[in-house]
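Report on one structure; see the data block that follows.
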Amino acid sequence: MPFSDIKQPSADYRGAKTFRLGSDLAVVIWDLPPVSPTSTRPALTMAKPPVPLVSVTLALADGQQRTLWAMRTTRVSMPAVIATERDGNVVPVSIEPASNLPPLDMEQLFLELAPDARIRFLNVLLTTWRSAFKIAGDPYFCLIIEDALNALAPLPRPARITCELGRGRYLIETTINAEFDDKLSIYVVGSASVSQLRPKAIVRRRMRGAWQTCHFIAEMPSLSPPFQLVLLSKNGAAIRQLSEREAQCPSLTRWWADNRDAVELRELLVQHLATWPNGGPATAIDLQIRAPLKERHVQRAAQQPSGQVDLALALSDSLLVGGWYHDPSSMLAGIDYLQADGKAVPLDGNIYEFPGWAQTQADKSKTDVTGFVARLPLDQPLGPLLQPRFQMRFASGAVKSLIPPPQPFEPVLQRNQILRAVPPQHAIDDAFRTILAPTLREVEQRLGKTVEVKRTRDYGLAQQAPLVSIVIPLYKVLDFLRFQLSGMATDPWLMANAELVFVLDSPEIQDETEHLLGGLHLLHGFPMRLVVMNRNGGYARACNTGARMARGSLLVMLNSDVVPCEPGWVQTLIEPVMSGALGAVGPRLIFEDRSLQHAGLYFGRDQRGIWLNHHFHKGMPSNYLPAQLARTVPGVTGACLVTSRDIYDSVGGFTEDYIIGDYEDSDLCLKIRRAGFEIGYEPAACLYHFERQSIRRSQDYMRGVASQYNSWLHTQRWDDDIAALMARDERPPSNPEPASSDDSTLEWTNA
């Protein structure tokens, strides 16, 4: 501090004095008597106290105390009294209008204050008093603050604009004392205003003697240097002069490419860009892809630990990490995530390990290793950070850096990465419950928010709503549409009472689909609607979208690879739903060779206790006698499911958090059951089902882990309901006895 060079006598404030602090703001100053204990708290009383009235008591350099009260003044003098409760001191003071008062001499005041009190008073001026009186734009108050800064630092250190991040957003660099912590409050002091920045600040650990380089991001729409910056920390204050308008680097892209080693600062920028409303996240992703960090892993050695992180997805509230390590000599102490502030966070809090192997690129040799996947909760989101950093920590205290390759940011690609994190044979409850399931749930929710209707096109829809809407999701495969539509167009009842709602879940084949449906409509005249989604969102979202777009009071959810055997099937299936006997009903489905594919669903546990969906009599001949019984069943397949719109809407349609397309149908049936309705199987309605022809062509569907996750999630949600439902059936589900072999005399019975 420069005050040691100022030779002025101490001011005497034992008789209270009043000074001007702002255009209509006054400050009353009074020194407590030397004999007063340090706990004494004087009070300023007036006939009509102003609001607000704020005060602060500060330590003087000689060990005594000084109290300052700030208040707005009126046009007339305001008499007041200062009193202390313990020693009975009473001091009268007259508070004149601010314009009649002498200015507060900040240099003299700071000379009298103890060093810590100077910083405290500056903090009070910039925070409490500025806010309480709403005087950030008061020119007189700004001059007072400038005087205070000049008294504290006549020759402030410089601050520079490193680069402009966007309109009104700047990356600023300066130096601060090594004792400062990272929690900085930053204020901009100009001749016309005093404002607080809301920056994210980071202290880089490059030492310059007792100084450290500090970068922070500032949003200043009207940047008009010169002005001063005040960086307040619990450890002190730093005053910096920003005088130049021009940035050191012409663009953020250039800066990013030139500063690959500034990893902490790059992570700060990613987090900040993620908060921009227009294009910020995309900018952060583009920068990381253009100039990524160099990948790092620890090579395998005979007796040394080795390892790699190849999965590191930064999600909204957690970080999902996966990889492997090899520790032949038990020298590895752990693997840590490195935060932007340099703090190392161990991954051992929520981790699942499994046996695996790693292969070298050079000789293609394989080594048994320990695979792992971990989920680390985060206090704040990392934004679209594609390369979080990690380290291997050894028992000796040494560390080695681990940096994964750039990670995917698109929800579908992230989902696929998660599904590859654990081999199918090790995808068990320990992996799903606290690690994979929460991350898959978040990614699916994010995916759902990006899915919307891109376009609709109608082909001959009647103005009056039909009785039945047949909803058919389409994904890549259009091979069966000609056969499916021909089978329905030869049914006069359907032509008169139904509409088709096709939902295209793969918009890349929109032109091909519109051309095909247009030709089929010209050929058959069947009323149709095509709904084109903007992206692939999965079976459940496609079906729910189709149901919203449908106009019928009865819904037939039909797969694109299901073809009617003969007319009349819809009439047969809707009858028990319309009568209220059933909440949903499904038909007999057969393969191309006329063997049974579906005669109702039932549930059976596997060796892990997971409920799996099974089809009654699958693989038996189409005329297999037990499959000719119309009956209630635990569930029916979504390949062809009939229900009413009211029931479908009341239970929320298909649940959308299953992966791609599996278990949504049984989930829907269980929801309908929980609502108080039974599920029926009707063998008199028969259709061909060319099972999973479309999903087999989906590169996104990892049959192993995706299906295991869906069955696990299904079990978590419905375990008690399924157990009670299956216990109700006293006969083996694989071979129920028929009531009669004559289809014409069948009645609904419980299977």
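In this chain, residues are counted from 1 in sequence order. Just the heavy atoms: all of them, side chains too, but no hydrogens, waters or symmetry mates, feed the values below.
- For the atom pair CH2 (Trp211) and CG (Asn177), the distance works out to 5.5 Å, reported to the nearest 0.5 Å.
- Glu244 places none of its side-chain heavy atoms less than 4.5 Å from the side chain of Ile161.
- Note on ring orientation: taking the six-membered ring where Trp is involved, the planes of Phe372 and Tyr325 are tilted (angle from 30° to 60°).
- Around atom CG of Asn100, more than 12 heavy atoms belonging to other residues, nucleotides or ligands sit under 6.0 Å away.
- Taking the side chain as every heavy atom from C-beta outward, Trp255 and Glu164 never approach each other to under 4.5 Å.
- Between Met106 and the options Leu111, Leu125, Leu149, Leu122, a side chain to side chain contact (heavy atoms under 4.5 Å, CB included) holds for only Leu125.
- Of the residues listed (Asp310, Val309, Leu386, Leu293), the one engaging Pro404 in a side chain to side chain contact (heavy atoms under 4.5 Å, CB included) is Val309, and it is the only one.
- Scanning both residues, Pro103 and Tyr140, for their nearest heavy atoms gives CB-OH, 3.0 Å.
- Residues Val298 and Gln304 form no side-chain contact, since every pair of their non-hydrogen atoms from C-beta on lies 4.5 Å or further apart.
- One N or O on the side chain of Gln288 and one on the backbone of Pro384 form a donor-acceptor pair closer than 3.5 Å.
- Listed by chain and number, the residues in a side-chain hydrogen bond (donor to acceptor under 3.5 Å, both in side chains) with Arg72 are Asp24 (sequence neighbours excluded).
- In this structure, Thr128 has no side-chain hydrogen bond (donor to acceptor under 3.5 Å, both in side chains) partners at least two apart in sequence or on a different chain.
- In this structure, CZ on Phe180 lies 8.0 Å from CG on Leu232, to the nearest 0.5 angstrom.
- Residue pairs meeting the salt bridge (charged side-chain N to carboxylate O under 4.0 Å, His left out) criterion with at least one partner in residues 129-153, sequence neighbours excluded, do not occur; the list is empty.
- Nearest heavy atom pair, residue Leu313 against residue Pro408, reads CD2-O, 3.9 Å.
- A 4.5 Å side-chain heavy-atom check between Pro406 and Ile289 finds every atom pair outside the cut-off.
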- Message: For Phe390 and Leu319: C-alpha separation, side-chain torsions, deciding distance, then whether side-chain contact (heavy atoms from CB on, under 4.5 Å) applies.
- Response: CA-CA 12 Å; Phe390 304 87; Leu319 181 64; 3.9 Å; yes
- Carefully, step by step, assess Phe133 and Val54 under the rule side-chain contact (heavy atoms from CB on, under 4.5 Å). CA-CA 10 Å; Phe133 296 104; Val54 295; 3.5 Å; yes
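- Side-chain atoms of Gln407 and Leu311, non-hydrogen and from C-beta on, do get closer than 4.5 Å to each other.
- In this structure, Glu112 contributes its side chain and Gln108 its backbone to no donor-acceptor pair below 3.5 Å.
- Heavy-atom minimum distance, Glu96 versus Thr73: O-CG2, 3.5 Å.
- Between Val93 and Trp30 there is no side-chain heavy-atom pair separated by less than 4.5 Å.
- Interatomic distance, NE2 of His272 versus CD of Glu219, reported as 5.0 Å (0.5 Å rounding).
- A donor-acceptor contact shorter than 3.5 Å is absent between the side chain of Ser243 and the backbone of Pro226.
- Taking Asp258 as the reference, Arg254 meet the salt bridge (Lys or Arg N to Asp or Glu O under 4.0 Å) condition, with sequence neighbours excluded.
- A donor-acceptor pair is defined here as one N or O able to donate and one able to accept, closer than 3.5 Å; such a pair exists between the side chain of Thr74 and the backbone of Val76.
- To the nearest 0.5 Å, the span separating CG on Leu113 from CG on Leu60 amounts to 6.0 Å.
- Every salt bridge (Lys or Arg N to Asp or Glu O under 4.0 Å) that Asp317 has, sequence neighbours left out, goes to Arg375.
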- Item | Worked verdict on Val321 versus Ile335 for side-chain contact (heavy atoms from CB on, under 4.5 Å) | CA-CA 10 Å; Val321 187; Ile335 297 177; over 6 Å; no
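- The two residues Phe227 and Gly190 come nearest to each other via the heavy atoms CB-CA, 4.2 Å.
- Residues Arg290 and Trp256 are not in side-chain contact: their nearest non-hydrogen atoms beyond the backbone lie 4.5 Å or more apart.
- Of all non-hydrogen atoms in Ser318 and Thr439, the two that sit nearest each other are OG-CG2, 4.3 Å.
- The side chain to side chain donor-acceptor pair (under 3.5 Å) pairs that include a residue from residues 385-395 are Glu267-Arg389, Asp336-Gln391, Asp336-Arg393, where partners are two or more places apart or lie in different chains.
- Between Gly236 and Ile119, the shortest heavy-atom distance links the atoms C-CG2, 4.1 Å.
- Taken to the nearest 0.5 Å, the CD1 atom of Ile135 stands 4.0 Å off from the CZ atom of Phe141.
- Residue Leu320 forms a side chain to side chain contact (heavy atoms under 4.5 Å, CB included) with just one option from Ile418, Leu376, Val443, and that option is Ile418.
- For the side chain to side chain donor-acceptor pair (under 3.5 Å) criterion with Thr174, the lone passing option out of Arg240, Gln241, His215, Arg157 is Arg240.
- Arg446 places a side-chain heavy atom less than 4.5 Å from the side chain of Leu315.
- Rounding to the nearest 0.5 Å places OH of Tyr170 at 14.0 Å from CD1 of Ile217.
- Of the N and O atoms on the side chains of Thr67 and Gln65, not one donor lies less than 3.5 Å from an acceptor on the other residue.
- Each of Gln64, Arg66, Lys17 was compared with Asp31 under the side chain to side chain donor-acceptor pair (under 3.5 Å) criterion, and only Arg66 meets it.
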- Can you list the steps and then say if Val81 with Val91 is a side-chain contact (heavy atoms from CB on, under 4.5 Å)? CA-CA 6 Å; Val81 173; Val91 178; over 6 Å; no
